[in-house]
Novice: 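Sharing a structure here in structure tokens format.
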Amino acid sequence: MTEENLPKSNFIRDIIDEHNRTGRFGGRVHTRFPPEPNGYLHIGHAKALCIDFGIAEDYGGLTNLRYDDTNPVKEDVEYVDAIKEDIHWLGYDWGDREYYASDYFEPLYEMAIQLIEKGLAYVDELTPEEMREYRGTLTEPGKNSPWRDRPIEETLDLFKRMRAGEFPDGSKTLRAKIDMASPNINMRDPVMYRILHATHHRTGDKWCIYPMYDFAHGQSDSIEGITHSMCSLEYENHRPLYDWFLDQLGIFHPQQIEFARLNLTHTVMSKRKLRRLVEEEYVDGWTDPRMPTLSAMRRRGYPAAAIREFIDTIGVAKSDSFVEVELLEHIVRDQLNQNAKRRMAVLDPLKVVLTNYPEGQFETFEIPDFPQSPESGGARTVPFGRELWIEREDFAEVPPPKYHRLSPGKEVRLMNAYFITCDEVIKDADGRVIEIHCTYDPDTKGGNAVDGRKVKGTIHWVSAAHAIEAEVHIYDQMFLDEHPEDLPEGESFLDHFNHNSLEVLTGYLEPDLANAAIGEAYQFVRDGYFALDSVHSKPGKPVFNRTIGLVDSWAKMQK
RNA sequence: UGGGGCAUGGUGCAAUGGCAGCACACCGGACUUUGAAUCCGUUGAUCUUGGUUCGACUCCAAGUGCCCCGGCCA
């Protein structure tokens with residue numbers, strides 16, 4: 001194993017190494033990935049995913065997929081399959097260990113009974129408002145509910161009748177009897193069960209009481225024999241409760257470990273905000289290529305390996321942090337540069353006529369998919385003729401300093417074809433350049449001059465007679481602000497949505513692109529990386545998404 | 001009666017009492033049939049103040065700043 005393949009050191013691995021040293025789990029490492037099926041997975045979940053699956057893999061352990069489905073009013077099957085697809089796309093697999101917290105409703109209920117019998121839980125009848133008042137504040141202790149000391153038998157009876165559906169929603173709860181004066185508010189007699197007459201996506205109408213997260217998660221971990229239960233920082237305050245239930249029940253006790261969740265600049269990561277962007281139609285659904293969801297990134301053309309590499313690169317720690325989206329983009333470009341076949345496409349066309357090229361004559365060039373390493377094999381045939389499209393910005397009537405492209409009297413190379421010299425500029429009545437007339441040099445076929453002369457500029461082109469048209473989507477950040485959630489009082493992140501984040505163009509593409517396949521990456525030379533849109537493309541009517549533009553140092557130079 | 005966390009270049013992460021390092025970003029330069037890629041180089045950090053120690057990013061103390069917690073959400 002080389003230096004760079006060594007897993008990065010981090011505090012989670014330190015903890016696991018320590019456990020292995022002391023033998024706490026007998027050297028076993030078993031994790032779980034616990035999504036709630038109430039939305040699509042985003043890049044933040046990818047971090048959790050890579051930590052849960054990645055660490056287990058490194059230590060020769062296993063990872064379970066476990067849906068955290070304890071709240072039927074928020075969750076839906078719709079999301080279950082999307083989540084699985086995204087995990088598989090990232091390259092992780094849970095084998096046959098696909099579980100649901102709802103699988104454990106029966107054992108969880110039995111555990112609740114045990115705690116009641118030990119005098120550690122009681123049925124409360126406070127209203128939600130009363131419960132809030134009784135809870136106290138951050139700086140003042142709470143006070144005991146009047147139902148706190150009701151007889152065990154009575155609680156037992158009531159709890160069974162809660163399950164039997166005798167009481168309306170919200171009328172009663174089962175609470176753990178811990179300490180209403182605890183400085184940790186999570187320990188002030190937390191609710192274990194609430195009454196919810198709602199249909200659950202898996203258990204249907206079998207239950208009308210549902211366990212809270214705190215009562216379900218640790219025990220689910222325990223039941224599955226999870227050794228290390230990783231979660232985000234906000235659960236740190238819940239760990240004493242996680243531990244308390246396990247200890248009182250006397251069952252296998254996993255270790256909860258908290259780490260900082262991922263924040264990315266120029267986007268939002270909360271499901272609530274993403275949902276608003278979808279529901280208020282700022283974007284084209286959860287998979288809109290501007291979204292930070294995994295399905296959006298897949299649709300946009302981000303390689304799964306780039307996301308894993310990204311997560312690996314940012315590391316994991318306990319300090320709140322914001323990763324610059326530029327790092328993600330760098331890694332995406334880096335991988336695409338290695339894997340994307342090169343093609344030519346003109347997105348803002350300007351007509352070029354080669355006046356000394358015979359009318360009606362055509363020829364073809366064999367151009368490698370990877371000009372930098374033609375030995376890798378692939379190539380395609382590209383037609384060439386008298387009339388061509390070039391990029392409008394590759395011509396300047398009055399060239400700025402250091403401009404290496406086409407301008408009157410100047411010679412440039414048409415990539416892999418010929419040198420051409422601009423002789424004449426044709427304009428319309430408004431003075432807009434509509435066509436330029438050039439002559440080509442037959443002694444430069446393939447792009448090299450027999451006399452050895454050099455040109456500074458190389459531009460790409462497409463034969464006008466053979467070009468295929470395609471809709472091309474160019475994206476920008478959804479938010480121009482680095483931190484769109486960091487706003488002055490009274491402003492909504494929606495006010496800062498970048499309405500220019502999608503630009504729709506008609507591109508003229510070299511004909512081989514008619515064979516483009518969904519999931520395949522292409523570089524449109526000198527512009528960026530592109531992928532066929534899986535939602536809007538139709539046979540014969542391709543739609544391309546620009547995954548990411550090439551680094552543009554010319555644009556930077558001009559600033 | 002408050003509790004729990006966190007603090008290393010612009011950003012993210014390492015260094016676990018012994019030369020503060022890596023990546024991105026930035027800024028220069030070379031090369032180029034992609035103004036891409038590649039290559040070379042520059043700038044730049046241990047929150048503050050004390051203490052322990054031959055030696056402190058690391059240990060101790062006191063401060064400061066930021067994050068989380070008062071759902072019958074997860």
Side-chain angles (χ1 to χ4, degrees), chain A residues 4 8-11 14 34-36 38 68-71 73-75 124 126-128 131-133 135-142 169-175 181-188 190-196 209-210 212-214 216-217 231-240 258 260 262 265 271 313-331 333-334 337-338 342 344 367 371-372 402-405 413-417 419 446-448 454-460 482 523-528 549-557:
Chain A
E4 62 190 80
K8 263 180 147 174
S9 84
N10 64 54
F11 78 99
D14 290 347
E36 184 187 13
N38 70 342
D68 229 327
D69 58 348
T70 56
N71 187 351
V73 306
K74 285 193 174 180
E75 295 145 8
D124 197 6
L126 254 26
T127 64
M131 198 181 288
R132 198 181 325 118
E133 286 164 22
R135 189 151 33 225
T137 71
L138 293 178
T139 54
E140 295 159 331
D169 287 4
S171 59
K172 290 178 176 51
T173 57
L174 182 72
R175 299 179 69 180
S182 171
N184 181 342
I185 290 179
N186 296 124
M187 301 299 274
R188 318 239 261 231
V191 172
M192 294 161 60
Y193 272 89
R194 75 286 217 186
I195 300 172
L196 246 30
I209 56 171
Y210 291 92
M212 300 287 290
Y213 166 86
D214 285 309
H217 203 91
C231 58
S232 49
L233 248 29
E234 66 264 34
Y235 291 99
E236 207 150 20
N237 293 330
H238 293 248
R239 182 162 18 104
E258 312 83 11
L262 171 64
T265 56
K271 275 188 197 169
T313 303
I314 61 174
V316 53
K318 294 192 72 162
S319 59
D320 294 303
S321 60
F322 258 92
V323 176
E324 292 174 334
V325 74
E326 287 81 358
L327 175 58
L328 210 209
E329 296 179 338
H330 165 81
I331 292 170
R333 281 194 189 97
D334 188 50
N337 179 43
Q338 300 172 47
R342 272 55 173 175
M344 292 194 285
I367 305 179
Q372 253 60 43
K402 294 184 180 164
Y403 189 80
H404 299 148
R405 313 178 197 177
R413 173 188 295 113
L414 291 177
M415 192 181 283
N416 294 293
F419 288 7
N448 286 305
K454 303 285 186 200
V455 286
K456 196 75 175 158
T458 300
I459 65 175
H460 61 277
E482 264 206 314
Q523 185 195 94
F524 290 3
V525 291
R526 300 209 306 129
D527 186 290
L550 254 29
V551 169
D552 189 352
S553 58
W554 168 245
K556 201 187 286 181
M557 243 167 87

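Sequence lines set the chain letters: A, B, ... in the order given, protein chains first and strands last, and positions in each chain run from 1. All values reported here derive from a predicted model rather than from experimental measurement.
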Novice: With the side chain counted from C-beta on, respond yes when A:L174 and A:D124 share a heavy-atom pair under 4.5 Å apart, and no when they do not.
Specialist: no

Novice: Looking at A:V325, is its backbone amide N or carbonyl O close enough to the side chain of A:T265 to form a donor-acceptor pair, meaning the two atoms are under 3.5 Å apart?
Specialist: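 Confirmed, A:T265 side chain pairs with A:V325 backbone.
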
Novice: Checking only heavy atoms, does the side chain of A:N237 share a donor-acceptor pair with the base of B:rG5 at less than 3.5 Å?
Specialist: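 Under the 3.5 Å cut-off, the side chain and the base do not form any donor-acceptor pair.
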
Novice: For nucleotides B:rG5 and B:rG18, find the distance between their P atoms and express it as a whole number of Å.
Specialist: 26 Å

Novice: For A:N416, which contact category applies under a 4.0 Å heavy-atom criterion: base, sugar-phosphate, or nothing?
Specialist: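 If one applies the 4.0 Å heavy-atom cut-off, A:N416 turns out to touch a base.
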
Novice: Atom CG of A:N184 to atom P of B:rC69: distance rounded to whole Å?
Specialist: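 Roughly 12 Å, once rounded to whole Å.
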
Novice: Just call it for A:E258: base, sugar-phosphate, or nothing, with non-hydrogen atoms closer than 4.0 Å on any strand.
Specialist: nothing

Novice: Map A:E140 and A:H330 onto RNA chain B by nearest heavy atom, then report which one ends up closer to the 5' terminus.
Specialist: A:E140

Novice: Say whether, by atom type as modelled, one donor and one acceptor occur between the side chain of A:R333 and the main chain of A:G549 under 3.5 angstrom.
Specialist: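 Confirmed, A:R333 side chain pairs with A:G549 backbone.
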
Novice: Round to a whole Å and report the spacing from CG of A:D552 to C1' of B:rG35.
Specialist: 7 Å

Novice: With a non-hydrogen cut-off below 4.0 angstrom, is A:T137 in contact with a base, only sugar-phosphate, or nothing?
Specialist: base

Novice: Could you tell me the separation between the CD atom of A:E236 and the P atom of B:rC68, rounded to a whole number of Å?
Specialist: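 About 13 Å, once rounded to whole Å.
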
Novice: Taking OP1 and OP2 of B:rA36, is either one under 4.0 Å from a side-chain nitrogen or oxygen of A:S553?
Specialist: yes

Novice: Measure the distance from CD1 on A:I459 to P on B:rA36 and round it to the nearest whole Å.
Specialist: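 Rounding to the nearest Å, CD1 of A:I459 and P of B:rA36 are 17 Å apart.
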
Novice: So which atom in A:A216 and which in A:T70 form the shortest heavy-atom distance, rounded to 0.1 Å?
Specialist: CB-CG2, 3.7 Å

Novice: The criterion is side-chain hydrogen bond (donor to acceptor under 3.5 Å, both in side chains); which residues satisfy it with A:D527, sequence neighbours excluded?
Specialist: A:R546

Novice: What residues form a side-chain hydrogen bond (donor to acceptor under 3.5 Å, both in side chains) with A:E36, not counting sequence neighbours?
Specialist: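 Listed in chain order: A:N38.
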
Novice: Atom pairs, N/O to N/O, protein against nucleotides 7-10 of chain B, distance under 3.5 Å?
Specialist:
residue: B:rG10; atom: N2; partner: A:E324; partner atom: OE1; Å: 3.0

Novice: Pairs counted as Watson-Crick or G-U wobble with both distances under 3.5 Å: what dot-bracket string results for RNA chain B, using | for bases tied to another strand?
Specialist: .((((((..((((....[..))))..((((.......)))).....(((((..]....))))))))))).....

Novice: Without decimals, in angstroms, what is the distance between A:D320 CG and B:rG5 C1'?
Specialist: 9 Å

Novice: Select base, sugar-phosphate, or nothing to describe what A:R342 touches, counting heavy atoms under 4.0 Å on all strands.
Specialist: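 Base, at least one base atom sits under 4.0 Å.
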
Novice: Write out a two-atom table: protein N or O, nucleotide N or O from nucleotides 37-43 of chain B, distance below 3.5 Å.
Specialist:
residue: B:rA37; atom: O2'; partner: A:N337; partner atom: ND2; Å: 3.0

Novice: Is any side-chain heavy atom of A:Y193 closer than 4.5 Å to a side-chain heavy atom of A:T173?
Specialist: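 A:Y193 vs A:T173: side chains apart.
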
Novice: State, yes or no, whether a side-chain contact exists between A:H217 and A:H238 at a heavy-atom distance under 4.5 Å.
Specialist: no

Novice: Using whole Å, what does the distance between atom P of nucleotide B:rG71 and atom CZ of A:R188 come to?
Specialist: 11 Å

Novice: Below 3.5 Å, does any donor atom in the side chain of A:R526 face an acceptor in the base of B:rG35, or the other way round?
Specialist: no

Novice: Does a side-chain N or O of A:H404 approach OP1 or OP2 of B:rG35 to a distance below 4.0 Å, or not?
Specialist: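 It does not, given that no N or O in the side chain of A:H404 lies less than 4.0 Å from OP1 or OP2 of B:rG35.
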
Novice: Suppose you measure atom C1' in B:rU8 against the same atom in B:rG44; what distance do you get, rounded to whole Å?
Specialist: 13 Å

Novice: Between A:S553 and A:K556 (side chain of the first, backbone of the second, donor and acceptor by atom type, cut-off under 3.5 Å), is there such a pair?
Specialist: no

Novice: Base, sugar-phosphate or nothing for A:L550? Non-hydrogen atoms, less than 4.0 Å.
Specialist: base

Novice: Please write out the pairs of protein N or O atoms and N or O atoms of nucleotides 14-17 of chain B separated by less than 3.5 Å, giving the distance to one decimal.
Specialist:
residue: B:rA14; atom: OP1; partner: A:V316; partner atom: O; Å: 3.2
residue: B:rA14; atom: O3'; partner: A:S9; partner atom: OG; Å: 3.0
residue: B:rA15; atom: OP1; partner: A:S9; partner atom: OG; Å: 3.1
residue: B:rU16; atom: N3; partner: A:D14; partner atom: OD2; Å: 3.3
residue: B:rU16; atom: O4; partner: A:D14; partner atom: OD2; Å: 2.4

Novice: Is there, by distance only and without an angle test, a donor paired with an acceptor across the side chain of A:E326 and the base of B:rU11 below 3.5 Å?
Specialist: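 Not at all, since no donor on one side and acceptor on the other fall under 3.5 Å apart.
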
Novice: Going by the rule side-chain hydrogen bond (donor to acceptor under 3.5 Å, both in side chains), which residues pair with A:R188 if we only count those two or more places apart in sequence or in a different chain?
Specialist: none

Novice: Could you tell me how far B:rC19 sits from B:rC24 if I compare only their C1' atoms? Round to whole Å.
Specialist: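 Those two atoms are separated by 25 Å.
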
Novice: Treating A:N237 as the side-chain partner and A:N186 as the backbone partner, does any N or O pair qualify as donor plus acceptor under 3.5 Å?
Specialist: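 Not at all, since once roles are kept as given, no pair shorter than 3.5 Å links the two residues.
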
Novice: Given atom CE of A:M344 and atom P of B:rA36, what is their separation to the nearest angstrom?
Specialist: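 Taking atom P of B:rA36 as the reference, CE of A:M344 is at 19 Å.
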
Novice: What I'd like to find out is whether the side chain of A:R405 reaches to under 4.5 Å of the side chain of A:W554, using heavy atoms alone.
Specialist: yes

Novice: With sequence neighbours left out, write down each residue that passes side-chain hydrogen bond (donor to acceptor under 3.5 Å, both in side chains) with A:E236, or none if nothing qualifies.
Specialist: A:K318

Novice: Quick check on RNA chain B: between A:M557 and A:I314, whose nearest nucleotide comes earlier from the 5' end?
Specialist: A:I314

Novice: In this structure, how many angstroms lie between the P atom of B:rG4 and the CE atom of A:M187, rounded?
Specialist: 13 Å

Novice: For A:D334, which residues count as a side-chain contact (heavy atoms from CB on, under 4.5 Å) partner, sequence neighbours excluded?
Specialist: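 A:D334: side-chain contact (heavy atoms from CB on, under 4.5 Å) contacts with A:Q338.
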
Novice: Have a look at A:L138 and say if it touches a base, only the backbone sugar-phosphate, or nothing, with a 4.0 Å heavy-atom cut-off.
Specialist: base

Novice: Between A:K318 and B:rG4, is there a side-chain N or O to OP1/OP2 distance below 4.0 Å?
Specialist: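 Answer no for this pair, as no side-chain N or O of A:K318 is under 4.0 Å from OP1 or OP2.
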
Novice: Going by side-chain contact (heavy atoms from CB on, under 4.5 Å), name the residues that satisfy it together with A:L196, two or more places apart in sequence or in a different chain.
Specialist: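 Testing A:L196 for side-chain contact (heavy atoms from CB on, under 4.5 Å), a comparison that skips the adjacent residues, returns A:N71, A:P72, A:V73, A:R194, A:Y210.
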
Novice: Using a 4.0 Å heavy-atom cut-off across all strands, classify A:F524 as base, sugar-phosphate, or nothing.
Specialist: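 The residue A:F524 makes no contact with any strand.
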
Novice: Using the 3.5 Å cut-off, write out each protein N or O paired with an N or O of nucleotides 72-74 of chain B and the distance between them.
Specialist:
residue: B:rC72; atom: OP1; partner: A:R135; partner atom: NH2; Å: 3.3
residue: B:rC72; atom: OP2; partner: A:R135; partner atom: NH1; Å: 3.0
residue: B:rC72; atom: N3; partner: A:G170; partner atom: O; Å: 3.3
residue: B:rC72; atom: N4; partner: A:L126; partner atom: O; Å: 2.9
residue: B:rC72; atom: N4; partner: A:G170; partner atom: O; Å: 3.0
residue: B:rC73; atom: OP2; partner: A:R194; partner atom: NE; Å: 2.9
residue: B:rC73; atom: OP2; partner: A:R194; partner atom: NH2; Å: 2.9
residue: B:rC73; atom: O3'; partner: A:R194; partner atom: NH2; Å: 3.1
residue: B:rC73; atom: O2'; partner: A:N71; partner atom: ND2; Å: 3.1
residue: B:rC73; atom: O2'; partner: A:K74; partner atom: NZ; Å: 3.4
residue: B:rA74; atom: OP1; partner: A:T70; partner atom: OG1; Å: 2.7
residue: B:rA74; atom: OP1; partner: A:R194; partner atom: NH1; Å: 3.3
residue: B:rA74; atom: OP1; partner: A:R194; partner atom: NH2; Å: 2.8
residue: B:rA74; atom: OP2; partner: A:Y213; partner atom: N; Å: 3.0
residue: B:rA74; atom: O3'; partner: A:D68; partner atom: OD2; Å: 3.4
residue: B:rA74; atom: N6; partner: A:H238; partner atom: NE2; Å: 3.2
residue: B:rA74; atom: N3; partner: A:Y235; partner atom: OH; Å: 2.6

Novice: Please check: side-chain N/O of A:S232 versus main-chain N/O of A:E234, any donor-acceptor pairing under 3.5 Å?
Specialist: no

Novice: Mind telling me whether B:rG51 is syn or anti, cutoff 90° either side of 0?
Specialist: anti

Novice: Once side-chain contact (heavy atoms from CB on, under 4.5 Å) is applied, do any residues pair with A:T313, and if so which ones, sequence neighbours excluded?
Specialist: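 Result, side-chain contact (heavy atoms from CB on, under 4.5 Å) vs A:T313: A:E309, A:L327, A:I331.
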
